[in-house]
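Numbers for residues simply follow the sequence, beginning at 1. Computed over heavy atoms, backbone and side chain alike; hydrogens, waters and symmetry mates excluded.
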Amino acid sequence: MTDRYAVFGNPISHSKSPQIHAMFAKETGQSLSYEAILAPLEGFAEAVAAFMAEGGRGANVTVPFKEQAFALSDELSDDARIAGAVNTLIKLPDGRLRGDNTDGMGLVADLIRHGVELSGKRVLLVGAGGAARGALLPLVRAGAKLTISNRTLSKAEALAALCPEANIELIEGSQIRSAFDVIINSTSASLSGDLPALSASAIDNQTVCYDMMYGAKPTVFNEWAQSLGAKACIDGLGMLVGQAAESFYLWRKVRPNAAPVLQTLRQSLISGV
């Protein structure tokens, strides 16, 4: 029987996960099926239970169900526990569910793929929402010297408190007076054409800027960073593929090559197909 995997969300028709995992399976020679499942807003747990009972081996979870997947998991990885959300469910041999979160691992993998050094570098994480929570532990593990900037200070304080051993600094964006090595925009401001409240002093010609959003054209944040002379501006498409690659590895113990998949998705994005 072919191993079954799926992504649960609502809505779900926009998801690129079936395309990504089909390419991973072909590249690695793994026999599996992967489908997109539209779960009812009030019936996520039941939908997952039915899928697993019918032979499901694992699943990805996207909005708005990541927190419900966290609550549904019988055990959690450290990344999921810190993130407070689960994007990957793994069916254990005894039938229980293990929850993991690969979003931050995908981010770090994409930065490394671009040759960005993180260990010992001053990294500014902009935002303190779910995307920032998912990125926190992988960035700390990579050795980044983290500073968090968020419009609401109390949320930044709460995020920093999740990793007290990392000595994370907090700063108001408008008060930044020196450039960072890396700036990661975890907010969704680019979707509405807005910029996060950051001083231009945060960026110089050695700063790598990363926007977790992506599109056919450069995001507003990356256009702004480029106008300030940033060393490099990277969007989040590689993070999307990277987190999927981590999920694939957790399920299959085979690590796919994300590069050709990313190239295919980029071409598709640009051509509008």
Which of these passes side chain to side chain contact (heavy atoms under 4.5 Å, CB included) with Ile184: Val126, Leu124, Leu146, Val123?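 Exactly one option meets the side chain to side chain contact (heavy atoms under 4.5 Å, CB included) with Ile184, and it is Val123.
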Partner of Leu97 under side chain to side chain contact (heavy atoms under 4.5 Å, CB included), picked from Ile90, Val48, Val86, Leu76, is Val48
Enclosure of [X] [atom1] (heavy-atom neighbours >12, cutoff 6.0 Å):
{"X": "Gln226", "atom1": "CD", "answer": "no"}
{"X": "Glu169", "atom1": "CD", "answer": "no"}
{"X": "Arg113", "atom1": "CZ", "answer": "yes"}
{"X": "Glu42", "atom1": "CD", "answer": "no"}

Would a single hydrophobic cluster contain both [Y] and [X], if residues Ile, Leu, Val, Met, Phe, Trp and Tyr are joined by side-chain heavy-atom contacts under 4.5 Å?
{"X": "Met239", "Y": "Leu269", "value": "no"}
{"X": "Ile234", "Y": "Ile112", "value": "yes"}
{"X": "Leu107", "Y": "Val116", "value": "yes"}
{"X": "Val61", "Y": "Val7", "value": "no"}
{"X": "Leu195", "Y": "Ile176", "value": "yes"}

With side chains defined as the heavy atoms from C-beta onward, is the minimum distance between [X] and [Y] less than 4.5 Å?
{"X": "Arg266", "Y": "Asp235", "value": "yes"}
{"X": "Asn185", "Y": "Ser190", "value": "yes"}
{"X": "Lys231", "Y": "Asn205", "value": "no"}
{"X": "Ser149", "Y": "Leu125", "value": "no"}
{"X": "Ser17", "Y": "Tyr34", "value": "yes"}
{"X": "Leu237", "Y": "Leu265", "value": "yes"}
{"X": "Trp251", "Y": "His21", "value": "yes"}
{"X": "Met105", "Y": "Thr102", "value": "yes"}

Test item: side-chain donor near acceptor, [X] and [Y], under 3.5 Å:
{"X": "Asp211", "Y": "Thr219", "answer": "yes"}
{"X": "Asn222", "Y": "Tyr210", "answer": "no"}
{"X": "Asp3", "Y": "Ser31", "answer": "no"}
{"X": "Thr28", "Y": "Gln30", "answer": "no"}
{"X": "Glu27", "Y": "Asn257", "answer": "no"}
{"X": "Ser77", "Y": "Asp79", "answer": "no"}

Give me the atom names and distance for the closest heavy-atom approach of [X] to [Y].
{"X": "Phe70", "Y": "Ala80", "result": "CE1-O, 3.3 Å"}
{"X": "Ala83", "Y": "Asn101", "result": "CB-ND2, 3.5 Å"}
{"X": "Arg96", "Y": "Asp94", "result": "NE-OD2, 2.9 Å"}
{"X": "Pro64", "Y": "Glu67", "result": "O-OE1, 4.3 Å"}
{"X": "Ser186", "Y": "Gly127", "result": "OG-CA, 3.6 Å"}
{"X": "Asn60", "Y": "Ser247", "result": "ND2-OG, 3.1 Å"}

Interatomic distance, [X] atom [atom1] to [Y] atom [atom2] [nearest 0.5 angstrom]:
{"X": "Gln206", "Y": "Lys121", "atom1": "CD", "atom2": "NZ", "result": "9.0 Å"}
{"X": "Ser15", "Y": "Ile37", "atom1": "OG", "atom2": "CD1", "result": "11.5 Å"}
{"X": "Thr62", "Y": "Gln243", "atom1": "OG1", "atom2": "CD", "result": "8.5 Å"}
{"X": "Thr147", "Y": "Ile171", "atom1": "OG1", "atom2": "CD1", "result": "6.5 Å"}
{"X": "Leu89", "Y": "Phe51", "atom1": "CG", "atom2": "CZ", "result": "10.0 Å"}
{"X": "Ser178", "Y": "Ile203", "atom1": "OG", "atom2": "CD1", "result": "12.5 Å"}

Any donor-acceptor pair under 3.5 Å from [X] side chain to [Y] backbone:
{"X": "Thr207", "Y": "Asp204", "answer": "yes"}
{"X": "Asn150", "Y": "Lys155", "answer": "no"}
{"X": "Ser271", "Y": "Gln267", "answer": "yes"}
{"X": "Asp181", "Y": "Arg122", "answer": "yes"}
{"X": "Asp100", "Y": "Thr88", "answer": "no"}

Checking Arg177 against Gln175 for the side chain to side chain contact (heavy atoms under 4.5 Å, CB included) test, could you report, in this order, the C-alpha distance in whole Å, the side-chain angles of both residues, the deciding distance, and whether it holds? CA-CA 6 Å; Arg177 296 290 179 264; Gln175 299 302 310; 3.7 Å; yes
Go through Asp74 and Lys91 one step at a time and tell me if the salt bridge (Lys or Arg N to Asp or Glu O under 4.0 Å) criterion holds. CA-CA 10 Å; Asp74 297 298; Lys91 187 177 181 181; over 6 Å; no
Thinking salt bridges, do Arg4 and Glu35 make one under a 4.0 Å N-O criterion? yes
Flag the pair Arg255 and Glu246 as a salt bridge only when some basic side-chain nitrogen lies within less than 4.0 angstrom of an acidic carboxylate oxygen. yes
I'd like to know whether Ile168 forms a side chain to side chain contact (heavy atoms under 4.5 Å, CB included) with Cys163, so could you lay out the CA-CA distance, the side-chain angles of the two residues, the decisive distance to 0.1 Å, and finally the verdict. CA-CA 8 Å; Ile168 298 171; Cys163 289; 4.3 Å; yes
Do Phe8 and Phe65 have their ring centres less than 6.0 Å from each other? no
Do Phe248 and Phe24 have ring centroids that are under 6.0 Å from one another?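 Centroid separation for Phe24 and Phe248: below 6.0 Å.
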Take Asp194 and Val220 through the test side chain to side chain contact (heavy atoms under 4.5 Å, CB included) and record every step on the way to the result. CA-CA 7 Å; Asp194 297 322; Val220 172; over 6 Å; no
Do Arg133 and Leu136 pass the side chain to side chain contact (heavy atoms under 4.5 Å, CB included) test, and can you show the C-alpha distance, the side-chain angles, and the key distance before you say yes or no? CA-CA 5 Å; Arg133 283 190 65 157; Leu136 189 67; 5.7 Å; no
